[in-house]
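Reading through the structure tokens given below for one structure.
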There are 2 protein chains.
Amino acid sequence: MPRNDSTKNRKQTSICPPLLGCCAPSPAFQDRPLLSFLDAVKVMALFKVLANDTRIRLVHHILRSGEATVSELAKTLGMKPQAVSNQLVRLSDTRMLSSRREGNNVYYRVANGCVAPLLELALCLMEDERREKSSEA
Amino acid sequence: MPRNDSTKNRKQTSICPPLLGCCAPSPAFQDRPLLSFLDAVKVMALFKVLANDTRIRLVHHILRSGEATVSELAKTLGMKPQAVSNQLVRLSDTRMLSSRREGNNVYYRVANGCVAPLLELALCLMEDERREKSSEA
DNA sequence: GGAATAATACACAATGTCGTGTAATAGTGT
DNA sequence: ACACTATTACACGACATTGTGTATTATTCC
């Protein structure tokens, strides 16, 4: 007998709306077929690239400044240019960034409009998490 | 007043708008301070949890069905319950999912409204990537 | 109480990822 | 051609992550 009306069953604690008017409007998740394994792997690859504090700071700084060179980014993050270049290549492989050469320097910029809102949402989730943790006695 | 012509720069190939009306409206990236290392680590932790094909399929299926038990998810993904449970715990640790016990079964659901749009955006980015790759001769 | 089912905890081998160090490539100026 | 700077390519050791197998906990039914 189901007797557990579980008070733990809280409501949606987030402030975020469930949908966002981005990209070609897709039907709700309920009306879509289950994600195929191959598509899941592709999405995984995208999140994997963002699952690194160095790359997140790189993207964040490039979003702020519009464009930046490798050495400038290295100096900003306090890292070696090799390490930064490594991560920039990974970000470019997924078409999140694009590069442009000008003399000795290579300028990187964000090449896809989805990247900014993606980071925005993650920051939002981080705030939600912080809120919930502090409000749990 | 922020400039709004930045998206039309060059090769912005994405359809996605630069901003989304989600969460407390934040100022544009240009007007925000550089992301601290600690915040970057927190955001990394969030993306890291989504950087796994199993967890992505779990979240996607839970979004579709609203709620699901461990064994049901295991059967749907063709995996062992231990593996599924492992990943569900990771998703719950970041407050993306919450669980509710009903008899022998434990039901998982999405606990934060940011999760759906986050996955949505990633799917959008995946489509963009596919589009670009096919259109490069 | 005892058996059966659902879910989780834990240790482990295989695999993946990170920054570093070294070497190579691209471009500028003399 | 040469020296110099900026960036990238590549191999390596340190460390993290995944699914599996085994054992344990939670709950229902007899």
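Here is the naming used below: chain letters follow the sequence lines, and residue numbers restart at 1 for every chain. Note that this is a predicted model, so its numbers are computed, not measured.
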Practice problem: Would you give a per-nucleotide map of nucleotides 14-22 of chain C, 5' to 3', where B means the base has a protein non-hydrogen atom under 4.0 Å away, S means only the sugar-phosphate does, and - means neither? | Solution: ---SSSBBB
Just how far, in rounded Å, is [atom2] of [N] from [atom1] of [X]?
X	N	atom1	atom2	value
B/Met44	D/dA16	CE	C1'	11 Å
A/Leu88	D/dT7	CG	C1'	10 Å
A/Phe47	D/dT18	CZ	C1'	19 Å
A/Arg100	C/dA26	CZ	P	20 Å
B/Leu77	D/dT20	CG	P	12 Å
A/Asn105	D/dT5	CG	C1'	9 Å
A/Leu91	D/dT7	CG	C1'	16 Å
A/Lys75	D/dT7	NZ	P	11 Å

Just to confirm, is there a sub-4.0 Å distance from OP1 or OP2 of [N] to any side-chain nitrogen or oxygen of [X]?
X	N	result
A/Asn104	D/dC4	no
B/Ser85	C/dA9	no
A/Tyr108	D/dT8	yes

Quiz item: Is the shortest heavy-atom distance from the side chain of A/Leu63 to the side chain of A/His60 under 4.5 Å?
Solution: no
Quiz item: Are any non-hydrogen side-chain atoms of A/Leu35 and B/Leu123 less than 4.5 angstrom apart?
Solution: yes
Practice problem: Would you classify A/Tyr107 as touching base, sugar-phosphate or nothing, given that sugar-phosphate means primed atoms plus P, OP1 and OP2, and contacts are heavy atoms under 4.0 Å? | Solution: nothing
Quiz item: Taking it one step at a time, do B/Leu119 and B/Leu50 satisfy side chain to side chain contact (heavy atoms under 4.5 Å, CB included)?
Solution: CA-CA 9 Å; B/Leu119 184 54; B/Leu50 291 172; over 6 Å; no
Quiz prompt | Non-neighbouring partners of A/His61 that pass ring pair (Phe, Tyr, Trp, His ring centres under 6.0 Å), sequence neighbours left out | solution = none
Any donor-acceptor N/O pair, [X] side chain to [Y] backbone, under 3.5 Å:
X	Y	value
B/Arg55	B/Gln87	no
A/Arg57	A/Val59	no
B/Arg32	A/Arg64	no

Quiz item: Under a 4.5 Å side-chain heavy-atom rule over Ile, Leu, Val, Met, Phe, Trp and Tyr, are A/Phe37 and B/Met79 clustered together?
Solution: yes
Practice problem: Please give the angle, rounded to 10 degrees, between the axes at the start and the end of the helix from C/dG1-D/dC30 to C/dT30-D/dA1, where five pairs define each axis. | Solution: 30°
Practice problem: Evaluate the criterion side chain to side chain contact (heavy atoms under 4.5 Å, CB included) for residue pair A/Leu125 and B/Met96; output intermediate values, then yes/no. | Solution: CA-CA 9 Å; A/Leu125 232 167; B/Met96 292 188 188; 4.2 Å; yes
